[in-house]
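In what follows, every chain begins at residue 1, and chains take the letters A, B, ... in the order their sequences are listed.
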Protein chains: 2
Amino acid sequence: MSSTLTDRQQQILDFIYATLEKQGVAPSLREIQAHFKLASPFGVKRHVDALTAKGALRRLEGKARALLPPLPPARRGTLTDVPLFGTIPAGLPTAKDQEPERFVSVDTTSLGVRPGASLYALQVRGDSMTGASILDGDVVFLTLRAPRPRDIVAALIDGESTLKRFLLRNGQPYLGAENPRYPDLLPAQELVIQGVMIGLLRRVHP
Amino acid sequence: MSSTLTDRQQQILDFIYATLEKQGVAPSLREIQAHFKLASPFGVKRHVDALTAKGALRRLEGKARALLPPLPPARRGTLTDVPLFGTIPAGLPTAKDQEPERFVSVDTTSLGVRPGASLYALQVRGDSMTGASILDGDVVFLTLRAPRPRDIVAALIDGESTLKRFLLRNGQPYLGAENPRYPDLLPAQELVIQGVMIGLLRRVHP
DNA sequence: ACATGACGTGTACAAATGAACACTAAAAAC
DNA sequence: GTTTTTAGTGTTCATTTGTACACGTCATGT
């Protein structure tokens, strides 16, 4: 099945992936031909045929630029660019006047959310949630839905969004920190819940 | 710039993304035409033109199937499928699998590694690393390189891989747990370091 | 020497695909 | 009511793109 690729086949495979990466679309056979300064498209076709025969490439026959990685795309996730906000001064984070610092790309299925879900990310500052194993510098993913008890939520407090745990006591919702050095028991009715945490991404020192 | 899309334009945009998702290649104008049971490809072209004019779609003109999301691909990351090997006992050793259970898709740039790096993932079981804010159920990403002091590493102990912190004392490497209830001070020379932790992905209850 | 396979050339053809024009119809905006 | 926008039809043309065949070169192994 997947025998070894020849040098030329590897070069062509690399070029296909490089083009896919760079411009988002696979190259046509003639574009490959031009890149390798060949005089005929037929040689390219034979290489591409060899690559598909060896399982190094997948192809939708007859269709233009239909060169794909051999993994069926159903197994891959959906890469979405999640806007990362440092702090959210006011309003809902989806408002257009908020400029995200940058974007974090994550796979939605790995996070367990459907691709269409409204997602955003916050970078954690401080140590108020170390009790929940959320460290300074971690990136937390949040979505907009109603909080359930014991959810970790981002709430707007004094113009800054802070991570708290959403709790119920005698039917009254309140927010609690996960660090004993921080005050507890904030009445949740007066606060704007900006999102519910659904995931976390930590990047250890590179 | 990005004015509102009409219903029809939204339908066509959805179909383009659905096709991209499903078969990995964008549809041709005539495939869109066939899906919406139109009689002419020209109507489709005008919709696509409108979408690009409104910034909802990007296009490489003249090229076949060159419909892309409006974000330039340079800003997007590289989605790689990281093999997830069963569970890693962070604490008491349990059973270990050879075959990867499944794959986790992550963006390598978000993790701060180059796309070619050899990556694998393990799911944490147990609570021996709660001191490092690594919880039961977390997915840790590891790469193959020499460990530096204070790196968190996966080590092979009694045929099981376990998460420990790599430390130096008097020039002697040893491994320590991050939970006082677990034993410390394992001589690292006799152990095989299987990988160095470079990231963590946590998925909170959906 | 001979066969075999990887690699390339030149030309030709056909299918896939994008682009264009003139015209019509319905809904929305004015 | 009139104009504008949106949506669609039928047809035609040019370009892009995939596929095919016949032939040549070179290295490699038997």
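- Between the CZ atom of A:R65 and the P atom of C:dT17 there is a distance of 11 Å, given to the nearest Å.
- Rounded to whole angstrom, the span from the NZ atom of A:K45 across to the C1' atom of C:dT9 amounts to 17 Å.
- Look at CZ on B:F42: it is 14 Å from P on C:dG18, rounded to the nearest Å.
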Which donor-acceptor pairs under 3.5 Å do the side chains of residues 34-42 of chain B make with protein atoms, sequence neighbours left out?
| unit_1 | atom_1 | unit_2 | atom_2 | d |
| --- | --- | --- | --- | --- |
| B:S40 | OG | B:F42 | N | 3.1 |

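- We find that B:R165 and B:D151 are not joined by a salt bridge, their nearest charged nitrogen and carboxylate oxygen being 4.0 Å or further apart.
- Between the side chain of B:Q10 and the main chain of B:D7, no donor-acceptor pair closer than 3.5 Å is present.
- In the helix from C:dA1-D:dT30 to C:dC30-D:dG1, the rotation axis of the first five pairs and that of the last five pairs differ in direction by 30°, rounded to 10 degrees.
- A donor-acceptor pair under 3.5 Å links the side-chain atoms of A:R65 to the main chain of A:A26, judged by distance alone.
- A:A66 and B:V25 make their closest contact through CA-CG2, 3.8 Å (heavy atoms, listed as atom of the first residue, atom of the second, distance).
- In this structure, A:L60 atom CG and C:dA16 atom C1' are separated by 14 Å, rounded to whole Å.
- Separation of atoms CD1 (A:I32) and CD1 (A:I16) is listed at 4.0 Å; rounding is to 0.5 Å.
- Of the N and O atoms on the side chains of A:Q11 and A:R8, at least one donor lies less than 3.5 Å from an acceptor on the other residue.
- Salt-bridge check for A:K164 with A:E178: failed, with every basic side-chain N at 4.0 Å or more from each acidic carboxylate O.
- Between B:P41 and B:A64, the one whose closest nucleotide on DNA chain D sits nearer the 5' end is B:P41.
- Between the CG atom of B:L67 and the OH atom of B:Y17 there is a distance of 9.5 Å, given to the nearest 0.5 Å.
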Derivation and outcome, side-chain contact (heavy atoms from CB on, under 4.5 Å), residues B:L200 and B:F141: CA-CA 6 Å; B:L200 179 147; B:F141 298 103; 5.8 Å; no
Polar-atom pairs under 3.5 Å, protein N or O versus N or O of nucleotides 24-30 of chain C: list them with distances, or write none.
none

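- Atom-to-atom, NZ of A:K63 to C1' of C:dT17 comes out at 13 Å; the value is rounded to the nearest Å.
- Nucleotides of DNA chain D with any atom under 4.0 Å from a heavy atom of chain A span, from 5' to 3', D:dT17 to D:dA22.
- Within residues 30-40 of chain B, the residues having any heavy atom under 4.0 Å from DNA chain C are, by residue number, B:R30.
- A pairwise comparison of heavy atoms in B:V140 and B:M197 identifies CG1-SD, 4.0 Å as the closest pair.
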Expected list for residues 44-53 of chain A: side-chain donor-acceptor pairs under 3.5 angstrom, two or more places apart:
| unit_1 | atom_1 | unit_2 | atom_2 | d |
| --- | --- | --- | --- | --- |
| A:K45 | NZ | A:D49 | OD2 | 3.0 |
| A:H47 | ND1 | A:G43 | O | 3.3 |
| A:T52 | OG1 | A:V48 | O | 3.4 |
| A:T52 | OG1 | A:D49 | O | 2.7 |

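- Of all heavy-atom pairs spanning B:L135 and B:D138, the tightest one is N-OD2, 2.9 Å.
- Between B:G62 and B:D7, the residue anchored closer to the 5' end of DNA chain D is B:D7, taking for each the nucleotide with the nearest heavy atom.
- For the pair B:D49 CG and C:dA20 C1', the interatomic distance rounds to 11 Å; values are reported in whole Å.
- No donor-acceptor distance shorter than 3.5 angstrom exists from the side chain of A:T130 to the backbone of A:S133, with no hydrogens or angles considered.
- With DNA chain C read from its 5' end, the first of the two nearest nucleotides for B:A66 and A:H47 is the one closest to A:H47.
- Checking the phosphate oxygens (OP1, OP2) of C:dG18, no side-chain nitrogen or oxygen of B:R46 falls inside 4.0 Å.
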